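Comments concern the structure below.
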Amino acid sequence: MQTITILTGAGISAESGLGTFRSKDGIWAKYDLTKVATPEAFARDPEMVHEFYNLRREACAKAAPNAAHVALARLQREWPGEVVIVTQNVDDLHERAGASVLHMHGELMRARCSDCDHRWPAPAVMQISDPCPACGAAKARPDVVWFGEYPYFDDEISLAVRRSDLFAVIGSSGQVYPAAGYAGIAKRARIRTIEFNLKRTGGKFDQGRYGPATETVPFWVDEILRLPKE
Ligand code: BV8
């Protein structure tokens with residue numbers, strides 16, 4: 001049966017009220033990413049970095065999954081083949097909609113010890129002095145992947161893309177690597193590709209569905225679940 005791999009970006013959570021990054025009023029228009037989303041930034045000013053993520057964690061806790069998150073969880077439940085969902089997002093809206101997902105850029109709702117790498121559920125408000133439950137070090141950071149750090153699951157994701165029959169990208173501007181490179185891996189392997197966005201991103205996809213994800217994604221899931229099963 002067919003395998004579908006789906007990569008989501010900030011655009012899938014936009015209609016849940018969480019900011020995207022590169023729109024004119026996006027997160028990187030308000031914050032300099034080199035001051036809040038790099039290891040150097042954390043070494044230089046951990047309080048500022050924790051404040052940036054505490055604000056986003058608070059917004060995430062107040063947000064709810066939208067119809068696009070719910071539709072992908074339904075696809076994962078009802079599709080007769082495998083559906084691999086990879087997200088660049090650090091929010092937990094996919095999980096709260098009932099999907100299982102690979103967080104290649106980590107998770108806002110998890111803390112990590114900079115000393116021993118232990119991970120634990122992040123408190124609503126984090127600070128570097130939060131003692132690590134495993135080693136006691138006061139080196140707590142959000143368990144997110146910053147620029148210049150290796151994303152999680154890169155090999156696993158590349159393998160999943162290569163063995164897919166369809167690769168979909170939902171709500172991503174395709175500016176951040178290695179995530180933005182997965183569509184090229186699919187193209188070179190002659191795998192059908194489709195993008196869902198408000199507008200064309202310039203990526204070389206076989207198909208595109210343009211409009212808000214809460215409309216285009218549920219419509220698409222309905223459509224393919226009605227297809228005669230091969
Ligand atoms: C790596 C977590 C090596 C934290 C993020 C110099 C030094 C070091 C590295 C580099 C360098 N130069 C380039 C690099 C590589 C760098 C990179 O790509 N930089 C870019 C800026 C050029 N990448 C890295 O550093 C990565 N690590 O390279 O390590 C390596 C190499 C190969 C293999 C393995 C390892 C690590 C990158 C991860 C950084 N962390 N996030 C946090 O969230 O704070 S990235 C950040 O951007 C977010 O995670 C975000 O998800 C991600 C991508 O952005 P998008 O999701 O696409 O969001 P964006 O706003 O851009 O677009 C939203 C889209 O949605 C738009 O198209 C919009 O039209 C659409 N949309 C909006 N509303 C809707 C919608 N669509 C549908 N419906 C709607 N309603």
Side-chain angles (χ1 to χ4, degrees), residues 6-42 48-57 59-60 63 65-69 71-72 86-94 101-110 112 122 141-159 161 168-185 194-203 205 208-220:
I6 299 167
L7 172 70
T8 66
I12 199 168
S13 297
E15 292 165 89
S16 294
L18 297 186
T20 60
F21 289 86
R22 292 168 185 83
S23 58
K24 60 184 179 333
D25 56 350
I27 294 173
W28 298 145
K30 298 185 187 102
Y31 292 89
D32 174 349
L33 71 84
T34 62
K35 293 200 171 53
V36 290
T38 65
E40 296 76 16
F42 188 65
M48 177 198 264
V49 173
H50 270 305
E51 188 202 337
F52 174 63
Y53 287 98
N54 288 340
L55 289 171
R56 287 176 62 194
R57 193 172 301 109
C60 180
N66 64 49
H69 296 106
L72 293 189
V86 179
T87 188
Q88 299 174 84
N89 301 339
V90 291
D91 64 56
D92 61 352
L93 299 183
H94 279 299
V101 66
L102 291 172
H103 277 278
M104 64 179 292
H105 291 161
E107 296 176 66
L108 202 48
M109 300 319 209
R110 244 180 9 185
R112 171 151 59 103
R141 62 170 279 179
D143 187 21
V144 299
V145 176
W146 285 321
F147 288 95
E149 295 186 319
Y150 272 77
Y152 293 137
F153 311 117
D154 187 52
D155 293 340
E156 186 177 346
I157 298 166
S158 305
L159 279 174
V161 171
V169 178
I170 301 175
S172 181
S173 64
Q175 305 291 308
V176 173
Y177 289 83
Y182 295 139
I185 290 174
I194 181 170
E195 78 165 339
F196 295 79
N197 204 301
L198 293 176
K199 58 193 184 312
R200 290 178 187 288
T201 59
F205 293 90
R209 300 284 175 95
Y210 299 103
T214 54
E215 291 169 19
T216 58
V217 176
F219 185 86
W220 173 65

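Positions are given from 1 along the sequence. Both counts, for ligands and for their atoms, begin at 1 and track the order of listing. All values derive from a computational prediction rather than experimental measurement.
Side-chain contact check for Asp91 and Ser13: at least one donor-acceptor pair (N or O, by modelled atom type) lies under 3.5 Å.
For ligand 1, the 4.0 Å heavy-atom shell contains residues Gly9, Ala10, Gly11, Ala14, Glu15, Thr20, Phe21, Arg22, Tyr53, Arg56, Gln88, Asn89, Val90, His105, Val145, Trp146, Phe147, Gly148, Glu149, Tyr150, Pro151, Asp154, Gly171, Ser172, Ser173, Gln175, Val176, Tyr177, Pro178, Asn197, Leu198, Lys199, Gly211, Pro212, Ala213.
Proximity of the aromatic rings of His50 and Phe42 is defined here by a centroid distance below 6.0 angstrom, and this criterion is met.
Residue pairs meeting the salt bridge (charged side-chain N to carboxylate O under 4.0 Å, His left out) criterion with at least one member in residues 27-41, sequence neighbours excluded: Asp32-Lys35.
A 4.5 Å side-chain heavy-atom check between Val86 and Glu156 finds every atom pair outside the cut-off.
Closest non-hydrogen pair, Val161 versus Ile185, comes out as CG1-CG2, 4.0 Å.
Note on ring orientation: taking the six-membered ring where Trp is involved, the planes of His69 and His94 are perpendicular (angle over 60°, cut-offs 30° and 60°).
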